[in-house]
*Asks:* 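Structure provided below as structure tokens; questions to follow.
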Amino acid sequence: MSSNITARRAKKHQRGNAMNKTSAAPHPVLGVLGGIGPMSTVYFYEMITAHTKAEKDQDHLDIVISSRATTPDRSAYILGESNDDPFSVMERDAEMLVRYGATVLAIPCNTAHYFYDRLQRSLPVPVLNMIQLTVRTAKAGGCQKLGILATSGTVASCSYQRMCAAEGIGCAVPSEADQAALMNTIIYGQIKSGKPVDLELFGRIADGLKAQGCQKAVLGCTELSLIKRDYGLDDFFIDSTEVLAKATIEACGKIPVGFDF
């Protein structure tokens, strides 16, 4: 009788050791610092799910999402139109994601990458750099001059311009009038407001970049990624949301499928 009990205890001990060994290796967990804006966060999550090679639920990424829609406007702060600093909100939410178990973070907002260096220094886990990934993708595709379609905050912060210089490629931004139209009419007046996009206006802005010698243009605002989703765009455009989604899937140890770059 006692020998049976001892044998059962030994097996239980062995199972416990096996479980400890299994749990010793951390399973990748993606933290999405979102809500900036809300619809682009939804699209980013949908894109990751649709493009991860999976045959069952358990093959997908483990993801925790913060969608803080009340995060202060990034462009307004960068342009000096508001003193409401978004960084403290972003930092608090990022720390919350890490406490919840996130081992890598992604921010599906180009403008928010103005705060990237500060945020990365404050966190114990890596934060994927959407702008660096996008510029490197453009360069790898043979682009020598990249057009920048982004919020006025992103353009003013020179986030893409500095990254292009660091990667050794040229870049161009829309004219002052085209940038105002892109920001005020298309991004804020239409996409963020849930209204149809003026594709003729968008096309004219893109043509302005082509006239400056750009071989490609980045959809450097996640709201602009929704134009590609809803209306379709040709290969002149590089979607920063797609670039981030592919890199995120790879960073979490999964296989991305269905991307054309």
Side-chain angles (χ1 to χ4, degrees), residues 28-50 60-134 150-157 159 183-184 186-195 219-226 229 239-245 247-249 251-252:
V29 177
L30 172 64
V32 178
L33 190 61
I36 44 181
M39 186 55 70
S40 62
T41 301
V42 172
Y43 183 40
F44 181 63
Y45 180 33
E46 179 185 18
M47 186 180 291
I48 288 175
T49 305
H60 286 278
L61 276 62
D62 287 337
I63 304 176
V64 290
I65 299 174
S66 170
S67 186
R68 185 82 60 185
T70 54
T71 303
D73 190 281
R74 283 67 58 203
S75 282
Y77 179 79
I78 293 168
L79 295 171
E81 298 169 354
S82 169
N83 293 321
D84 202 356
D85 189 346
F87 179 75
S88 60
V89 177
M90 292 171 55
E91 183 181 38
R92 185 176 66 245
D93 285 349
E95 291 172 346
M96 177 192 68
L97 291 170
V98 173
R99 287 196 301 272
Y100 200 82
T103 58
V104 59
L105 264 59
I107 311 170
C109 173
N110 287 271
T111 311
H113 279 66
Y114 173 80
F115 308 96
Y116 175 86
D117 291 336
R118 290 171 64 191
L119 189 65
Q120 180 60 92
R121 286 195 298 267
S122 72
L123 297 172
V125 302
V127 182
L128 298 174
N129 191 318
M130 186 181 204
I131 293 177
Q132 182 183 64
L133 290 164
T134 301
T151 65
S152 297
T154 298
V155 171
S157 71
S159 298
M183 178 73 168
N184 300 324
I186 293 179
I187 295 176
Y188 277 79
Q190 295 172 350
I191 301 174
K192 282 183 177 291
S193 300
K195 298 176 181 177
L219 299 174
C221 170
T222 42
E223 270 73 29
L224 296 179
S225 299
L226 300 175
R229 182 196 69 179
D239 184 1
S240 61
T241 304
E242 289 184 355
V243 172
L244 180 62
T248 296
I249 294 167
C252 292

*Asks:* What is the distance from atom OG of Ser157 to atom CG of Leu79, rounded to the nearest 0.5 Å?
*Replies:*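 One gets 9.0 Å once the value is rounded to the nearest 0.5 Å.
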
*Asks:* Taking the side chain as everything from C-beta on, heavy atoms only, tell me whether Thr111 gets closer than 4.5 Å to Ile36.
*Replies:*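 Thr111 vs Ile36: side chains apart.
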
*Asks:* As a quick check of understanding, evaluate side chain to side chain donor-acceptor pair (under 3.5 Å) for Asn110 and Thr154, giving each step before the final call.
*Replies:* CA-CA 7 Å; Asn110 287 271; Thr154 298; over 6 Å; no

*Asks:* Would you mind reporting whether Leu244 and Leu128 have side-chain heavy atoms less than 4.5 Å apart?
*Replies:*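 Yes. Closest side-chain heavy atoms under 4.5 Å.
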
*Asks:* Is Arg74 close enough and on-axis enough to Tyr114, meaning under 6.0 Å and within 45°, for cation-pi?
*Replies:*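 Output no; distance or angle outside limits.
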
*Asks:* Does any N or O in the side chain of Ser66 come within less than 3.5 Å of the main-chain N or O of Leu33, such that one atom is a donor and the other an acceptor?
*Replies:*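 Not at all, since once roles are kept as given, no pair shorter than 3.5 Å links the two residues.
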
*Asks:* Run the side chain to side chain contact (heavy atoms under 4.5 Å, CB included) check on Val104 and Val125 step by step: do they pass?
*Replies:* CA-CA 6 Å; Val104 59; Val125 302; 5.9 Å; no

*Asks:* Is the side chain of Thr222 donor-acceptor paired with the backbone N or O of Pro108 at a distance under 3.5 Å, no angle test?
*Replies:*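 Side chain of Thr222 to backbone of Pro108: a pair is present.
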
*Asks:* For residues Tyr45 and Val32, determine if any side-chain heavy atom of one lies less than 4.5 Å from a side-chain heavy atom of the other.
*Replies:*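 Heavy-atom side-chain distance check fails, nothing below 4.5 Å.
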
*Asks:* With rounding to the nearest 0.5 Å, note down the distance linking CZ in Arg118 to CZ in Phe87.
*Replies:*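 Arg118 atom CZ to Phe87 atom CZ measures 4.5 Å (nearest 0.5 Å).
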
*Asks:* Could you report the tightest heavy-atom contact between Pro124 and Val98, atom names first, then the distance?
*Replies:*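 Pro124 and Val98 have their closest heavy atoms at CG-CG1, 4.0 Å.
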
*Asks:* Determine the minimum heavy-atom distance between Arg68 and Thr71, stating which atoms define it.
*Replies:*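 So the two residues come closest at O-OG1, 2.7 Å.
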
*Asks:* Please walk me through it: do Asn129 and His113 pass side chain to side chain contact (heavy atoms under 4.5 Å, CB included)?
*Replies:* CA-CA 8 Å; Asn129 191 318; His113 279 66; 3.7 Å; yes

*Asks:* Write down the atom of Ser240, the atom of Cys221, and the distance for their closest heavy-atom approach.
*Replies:*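 Smallest heavy-atom distance, with atoms named: OG-N, 4.4 Å.
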
*Asks:* Counting only heavy atoms not in Met39, do more than 12 sit closer than 6.0 Å to its CE atom?
*Replies:*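 Incorrect, the count does not exceed 12.
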
*Asks:* Under 3.5 Å, is there a donor-acceptor pair between the side chain of Tyr116 and the main chain of Val127?
*Replies:*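 Between the backbone of Val127 and the side chain of Tyr116 there is a qualifying donor-acceptor contact (under 3.5 Å).
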
*Asks:* Side chains of Tyr188 and Asp73, heavy atoms from C-beta outward: is any pair under 4.5 Å?
*Replies:*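 Heavy-atom side-chain distance check passes, below 4.5 Å.
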
*Asks:* Out of curiosity, Ser40 OG to Leu224 CG, how far, rounded to the nearest 0.5 Å?
*Replies:*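 With rounding to 0.5 Å, OG (Ser40) is 10.5 Å from CG (Leu224).
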
*Asks:* Which residue is it: Leu105, Ile48, Val243? I am looking for the one with a side-chain contact (heavy atoms from CB on, under 4.5 Å) to Thr248.
*Replies:*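 Passing option: Ile48.
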
*Asks:* Go through Leu123 and Glu91 one step at a time and tell me if the side chain to side chain contact (heavy atoms under 4.5 Å, CB included) criterion holds.
*Replies:* CA-CA 8 Å; Leu123 297 172; Glu91 183 181 38; 5.7 Å; no

*Asks:* Hey, could you give me the CD1/OG distance between Ile187 and Ser193, rounded to the nearest 0.5 Å?
*Replies:*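 One gets 11.5 Å once the value is rounded to the nearest 0.5 Å.
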
*Asks:* So, taking the atom named CD1 in Ile78 and the one named CZ in Phe115, what distance separates them when rounded to the nearest 0.5 Å?
*Replies:*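 Going from the CD1 atom of Ile78 to the CZ atom of Phe115 covers 5.0 Å.
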
*Asks:* What's the shortest heavy-atom distance between Ala247 and Leu133, and which atoms?
*Replies:*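 Closest approach of Ala247 to Leu133, heavy atoms only: CB-CD1, 3.6 Å.
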
*Asks:* Would you check, one step at a time, whether the test side chain to side chain contact (heavy atoms under 4.5 Å, CB included) holds for Met183 with Ser75?
*Replies:* CA-CA 10 Å; Met183 178 73 168; Ser75 282; 3.7 Å; yes

*Asks:* First locate atom CG of Leu226, then atom OG1 of Thr241, and finally report the distance between them rounded to the nearest 0.5 Å.
*Replies:*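 It is 7.5 Å, given to the nearest 0.5 Å.
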
*Asks:* Could you check Thr41 against Ser67 for side chain to side chain donor-acceptor pair (under 3.5 Å), going step by step and ending with a plain yes or no?
*Replies:* CA-CA 7 Å; Thr41 301; Ser67 186; 4.7 Å; no

